[in-house]
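Notes to accompany the following structure.
In what follows, residues are counted from 1 in the order of the sequence shown. Bear in mind the structure is a predicted one, so any value in this text is a computation, not a measurement.
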Amino acid sequence: KMKKIVIGIIIGILSPSLFTTELSAYYKRVAKNGRDNGLGVPPTYSYVRVIRDKDVTDIWCEHPGAEQCPYNVVGPGRDHSPKTEAEQYCVDYAIEQINQGNLSGSWTNPENQYTVEWQKVGVDVNIKVWGPGESIPE
């Protein structure tokens with residue numbers, strides 16, 4: 001009986017880590033206080049940080065400067081996959097909505113249940129994408 005309890009405790013400790021990778025997979029782009037370069041010209045930033053790995057694309061851009069803030073899911077550190085294609089489709093959908101004047105909103109792709117949230121404030125565009133069973137990026 002003691003052996004079953006110990007095994008149960010071990011499984012309880014290990015099982016959250018078994019799901020961590022899936023729950024922490026996402027795309028997030030945050031842009032703050034970019035330089036307004038005029039109508040039809042993307043804003044630019046002095047600080048641009050892009051982190052990409054197997055499961056995550058995390059983009060952070062802020063302060064007026066000369067650098068553009070990327071939207072691409074795939075890049076150095078993160079290769080093409082069905083997941084990245086689903087995420088990029090959601091990013092493109094959000095950009096299209098913003099271009100049509102819908103400055104904030106959310107949408108879930110009925111084909112694969114990936115969800116995108118977007119918000120445009122001034123010149124800055126923030127986008128979050130996550131798949132079914134994944135946590136909303138914070």
Side-chain angles (χ1 to χ4, degrees):
K1 185 171 179 153
M2 185 63 157
K3 187 175 180 182
K4 286 183 181 179
I5 292 172
V6 171
I7 290 172
I9 292 171
I10 292 171
I11 289 172
I13 291 169
L14 292 178
S15 60
S17 66
L18 296 175
F19 302 107
T20 302
T21 303
E22 187 64 8
L23 294 178
S24 64
Y26 63 86
Y27 169 95
K28 180 174 75 173
R29 179 188 191 268
V30 175
K32 301 168 94 174
N33 305 314
R35 176 186 294 149
D36 186 343
N37 293 312
L39 190 62
V41 180
T44 49
Y45 302 84
S46 63
Y47 176 79
V48 176
R49 187 209 69 211
V50 180
I51 298 171
R52 291 186 180 102
D53 67 22
K54 185 172 74 70
D55 299 309
V56 171
T57 298
D58 194 324
I59 300 167
W60 187 281
C61 306
E62 64 182 319
H63 307 301
E67 299 289 318
Q68 290 202 355
C69 189
Y71 287 95
N72 305 44
V73 173
V74 171
R78 192 155 190 218
D79 297 327
H80 282 278
S81 71
K83 178 170 181 33
T84 60
E85 287 177 23
E87 289 177 0
Q88 188 66 58
Y89 186 87
C90 285
V91 170
D92 294 343
Y93 179 89
I95 294 167
E96 183 180 311
Q97 291 300 304
I98 290 167
N99 290 339
Q100 292 176 11
N102 301 317
L103 302 185
S104 66
S106 66
W107 175 73
T108 300
N109 186 336
E111 292 181 18
N112 56 25
Q113 303 306 305
Y114 275 76
T115 300
V116 59
E117 283 184 358
W118 68 91
Q119 182 178 29
K120 181 175 182 186
V121 180
V123 297
D124 301 318
V125 176
N126 302 311
I127 300 173
K128 297 178 181 181
V129 179
W130 64 97
E134 296 173 350
S135 301
I136 299 172
E138 294 189 24

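The line from CD of E87 to OH of Y26 is 10.5 Å long, rounded to the nearest 0.5 Å. Separation of atoms OG (S46) and CZ (R35) is listed at 8.5 Å; rounding is to 0.5 Å. For the atom pair K32 NZ and H63 NE2, the distance stands at 8.0 Å (nearest 0.5 Å). D92 contributes atom CG, which lies 11.5 Å from atom CD of E85 (distance to the nearest 0.5 angstrom). Atom SG of residue C69 and atom CG of residue N126 lie 9.0 Å apart, to the nearest 0.5 angstrom. Between the OG1 atom of T44 and the CG atom of D36 there is a distance of 9.0 Å, given to the nearest 0.5 Å.
A salt bridge links D58 and R49; the closest N-O separation between the charged side-chain nitrogens and carboxylate oxygens is under 4.0 Å.
The heavy-atom pair separating T57 from R78 by the smallest distance is OG1-NH1, 2.9 Å. The shortest non-hydrogen separation linking R29 to V125 is NH1-O, 2.6 Å. Considering every non-hydrogen atom in both E134 and A25, the closest pair reads OE1-O, 3.1 Å. Scanning all heavy atoms of the two residues, the minimum distance from E117 to S106 falls at CG-CB, 3.7 Å. The shortest non-hydrogen separation linking V50 to P70 is CG2-CG, 3.7 Å. Closest approach of D53 and D55 over heavy atoms only: OD1-N, 2.8 Å.
Looking at C61 and Y47, their side chains never come closer than 4.5 Å, going by heavy atoms from C-beta outward. Counting only heavy atoms from C-beta outward, the side chains of V116 and I127 approach each other to under 4.5 Å.
Using a 4.5 Å cut-off between side-chain heavy atoms of Ile, Leu, Val, Met, Phe, Trp and Tyr, with links allowed through other members, V30 and V48 fall into different hydrophobic clusters. Under the 4.5 Å side-chain contact rule for hydrophobic residues, I98 and V129 share a cluster. I95 and Y27 end up in the same hydrophobic cluster when Ile, Leu, Val, Met, Phe, Trp and Tyr side chains are linked at under 4.5 Å. Hydrophobic clustering (ILVMFWY, side-chain heavy atoms < 4.5 Å, transitive): W107 and L103 are in one cluster. Criterion: ILVMFWY side-chain heavy atoms under 4.5 Å apart, direct or through other members. Under it, Y71 and V73 are part of a common hydrophobic cluster.
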Inset, instruction - Using the side-chain contact (heavy atoms from CB on, under 4.5 Å) rule, take V74 and Q88 through it: C-alpha gap first, then chi angles, then the decisive distance, then the call. - result: CA-CA 8 Å; V74 171; Q88 188 66 58; 5.9 Å; no
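The main-chain N or O of E138 is found under 3.5 Å from a side-chain atom of K28 such that the two form a donor-acceptor pair.
Within 6.0 Å of atom CD in E111, 12 or fewer heavy atoms from other residues, nucleotides or ligands are found, so the atom counts as exposed in its surroundings. Remark: Y93 OH is packed, more than 12 non-hydrogen atoms of other residues, nucleotides or ligands lying under 6.0 Å away.
Side-chain N/O atoms of Y45 and D124 include a donor and acceptor closer than 3.5 Å.
Results of the side-chain hydrogen bond (donor to acceptor under 3.5 Å, both in side chains) test with N102 over Q97, K120, E96 single out Q97 as the only residue that passes.
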